[in-house]
Amino acid sequence: MPGSPVIPCLRYADAPAAIDFLCDAFGFVRHAIYADDADPTIIHHAQLVLGAGMIMLGSVQDMAAESLYTWSTARDLGGITGCVYVVVPDVDAHCLHARNEGAVVVDEPRDNDGYPGRGYSALDPEGNVWSFGSYDPWV
């Protein structure tokens, strides 16, 4: 199996815009996009890859169409409960590119306290926190 068996899944109010942003700003590549046949602004399921990693995402939909649990967005909740960490080889260059593509950088690139490497954090347009770092926890 290529990549990690752990794949973060996110929901977005505007999933097509989120896909564009994540690819343009953070370097993800579209792997599979399943839009609604009648309404292409609704993404039933999308898979984006970055190196050997993957995320999956989809549109927040009418609650009747959702499962027993309620999907929401970070912005709807007024906060976050976690972040997505991505290993990148050049933190400073990645941050500059993300900022130039419209990412809101909330923690500037810095050396990690207490462990090796550098990192920074940014928000996507719907308020999810993305942390990027040169520290590879697998090594």
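- The closest side-chain heavy-atom distance from Ile55 to Leu22 is below 4.5 Å.
- Nearest heavy atoms, Val105 versus Cys95: CG2-SG, 3.8 Å.
- For Phe132 and His94, the distance between ring centers is under 6.0 angstrom.
- Taking hydrophobic clusters as Ile, Leu, Val, Met, Phe, Trp and Tyr residues chained together by side-chain heavy-atom distances below 4.5 Å, Leu48 does not share a cluster with Val87.
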For Phe26 and Glu101, what are the C-alpha separation, side-chain angles and deciding distance, and is it a side chain to side chain contact (heavy atoms under 4.5 Å, CB included)?
CA-CA 9 Å; Phe26 295 160; Glu101 291 293 331; over 6 Å; no

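- Under the 4.5 Å side-chain criterion, counting only non-hydrogen atoms from C-beta, Tyr135 is in contact with Tyr85.
- By the 4.5 Å heavy-atom criterion applied to side chains, Ile19 and Ile33 are counted as neighbours.
- Follow the hydrophobic side-chain contacts under 4.5 Å out from Val91 and you reach Val86 in the same cluster.
- In His31, the NE2 atom is not crowded: 12 or fewer heavy atoms of neighbouring residues, nucleotides or ligands sit closer than 6.0 Å.
- Closest non-hydrogen pair, Val129 versus Ser121, comes out as CG1-CB, 4.3 Å.
- Not a single donor-acceptor pair under 3.5 Å links the side chain of Arg75 to the backbone N or O of Asn128.
- Checked against side-chain hydrogen bond (donor to acceptor under 3.5 Å, both in side chains), Asp136 has no partners two or more places apart in sequence or in another chain.
- Not counting sequence neighbours, the partners of Arg30 by the salt bridge (charged side-chain N to carboxylate O under 4.0 Å, His left out) test are Asp20.
- Looking at Glu126, its side chain never comes within 3.5 Å of a backbone N or O of Ala74 through a donor-acceptor pair.
- For an aromatic pair to be called close, the ring centres must be under 6.0 Å apart, and Phe21 with Trp130 fails this.
- Between Asp124 atom CG and Leu10 atom CG the span is 7.5 Å, to the nearest 0.5 Å.
- Across all their heavy atoms, Ala15 and Leu57 have their closest contact at CB-CD1, 4.0 Å.
- Of the possible donor and acceptor atoms, one in the side chain of Ser59 sits under 3.5 Å from a partner among the backbone N and O of Ile43.
- Residue-environment remark: CG (Asn100) exceeds the threshold of 12 foreign heavy atoms within 6.0 Å.
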Check against side chain to side chain contact (heavy atoms under 4.5 Å, CB included), Ser131 and Val84:
CA-CA 6 Å; Ser131 293; Val84 179; over 6 Å; no

The test is side chain to side chain contact (heavy atoms under 4.5 Å, CB included); show your working for Val49 and Phe28 and say whether it passes.
CA-CA 5 Å; Val49 295; Phe28 282 90; 5.8 Å; no

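- The NE2 atom of His44 sits 8.5 Å away from atom CG of Asp39, with the distance rounded to the nearest 0.5 Å.
- Across all their heavy atoms, Ala122 and Ala103 have their closest contact at CB-CB, 4.2 Å.
- The distance from atom CD1 of Ile7 to atom CD of Gln47, rounded to the nearest 0.5 Å, is 7.5 Å.
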Go through the steps to decide whether Glu108 and Arg99 satisfy the test side chain to side chain contact (heavy atoms under 4.5 Å, CB included), and finish with yes or no.
CA-CA 10 Å; Glu108 294 293 330; Arg99 187 189 318 272; 2.7 Å; yes

Residue pair Tyr120, Asp92: steps toward the side chain to side chain donor-acceptor pair (under 3.5 Å) verdict:
CA-CA 8 Å; Tyr120 83 96; Asp92 297 279; over 6 Å; no

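- In this view, Asp111 and Arg118 satisfy the salt bridge (charged side-chain N to carboxylate O under 4.0 Å, His left out) rule, not counting sequence neighbours.
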